[in-house]
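What's counted below: heavy atoms across the whole structure, side chains too, no hydrogens, waters or symmetry copies. For ligands, and for the atoms within them, numbers begin at 1 and follow the listed sequence.
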Amino acid sequence: MKLNIAIDGPSAAGKSTIADLLAKRFHLTHLDTGAMYRCCAYAAITQGIALDDENSLYETIKNADIRFDENKDVYLNNRKVTLEIRQNEISMAASKVSTFAKVREALVAMQREIAEEKGYILDGRDIGTVVLPDADVKIYMVASVEARAKRRFQEYMEKGIDADYDTIYKDIVQRDYQDTHRAASPLKKASDAIEIDTSDMSIKEVVEKVSNIITDICG
Ligand code: DC
């Protein structure tokens, strides 16, 4: 059976890593929707578009070509931006551009089109509430700020990205605020989503737990 799975939650809760592993286990394609908002922020910064210029952001992202390959590399208008979009400056800018309804409208349309055929696992902030309200399984993944800051710091070290723990911690707090307080599709748990607190869980434990939920719901 072809499924669509939605994983939502705050920054650095482990959504993308878990979605990737679940995709392999259940033969699904993982779509990292946060990377799409990051591409919008990256395009704005590199093209000199102000981060509060909603109309220009919309025009830019509506006409952009965003692609993912099988190695998880991200391409924006045929340029590989995998590492660039993970920089802290882009994380903050992505959170900012994602507040605009027109930017969300353009990206949600792309995401729905991609997932139309089913067989996808999408991770983001509004997948269960807006992008795929009929998803077969909805997971809402949370973790303490400390646990998330530690994981993100570790991830940056492993990827060779310059990082400072205190800055990461503060930025997570600020992004949580921005993501939950924006007017357009704020981060919130869908009423039919299952919440998992991953603060004290290993990646393997989370994958097992979600896998059991998927099997229970979908057989
Ligand atoms: O998941 P991430 O950290 O890569 O996401 C970057 C930013 O994009 C995040 O601060 C909020 C925004 N985002 C969103 O608003 N909706 C999504 N579906 C995914 C990400």
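Applying the side chain to side chain donor-acceptor pair (under 3.5 Å) test to pairs two or more places apart or on separate chains, those with a residue in residues 35-44 are Y37-R104, R38-S91, Y42-R79. Sequence neighbours left out, not one pair with a member in residues 209-219 passes salt bridge (Lys or Arg N to Asp or Glu O under 4.0 Å). Applying the salt bridge (Lys or Arg N to Asp or Glu O under 4.0 Å) test to pairs two or more places apart or on separate chains, those with a residue in residues 158-172 are E155-K159.
The immediate protein surroundings of ligand 1, defined as residues with any heavy atom under 4.0 Å of it, consist of T33, G34, Y37, R38, R86, A94, S95, S98, R104, G124, R125, D126, R175, D179, R182.
By the neighbour-count criterion of 12 heavy atoms within 6.0 Å, atom CZ of R112 is densely surrounded, having more than that number from other residues, nucleotides or ligands.
Counted by atom type alone, D123 and T33 present zero donor-acceptor pairs between their side chains at under 3.5 Å.
Looking at N71, its side chain never comes within 3.5 Å of a backbone N or O of D73 through a donor-acceptor pair.
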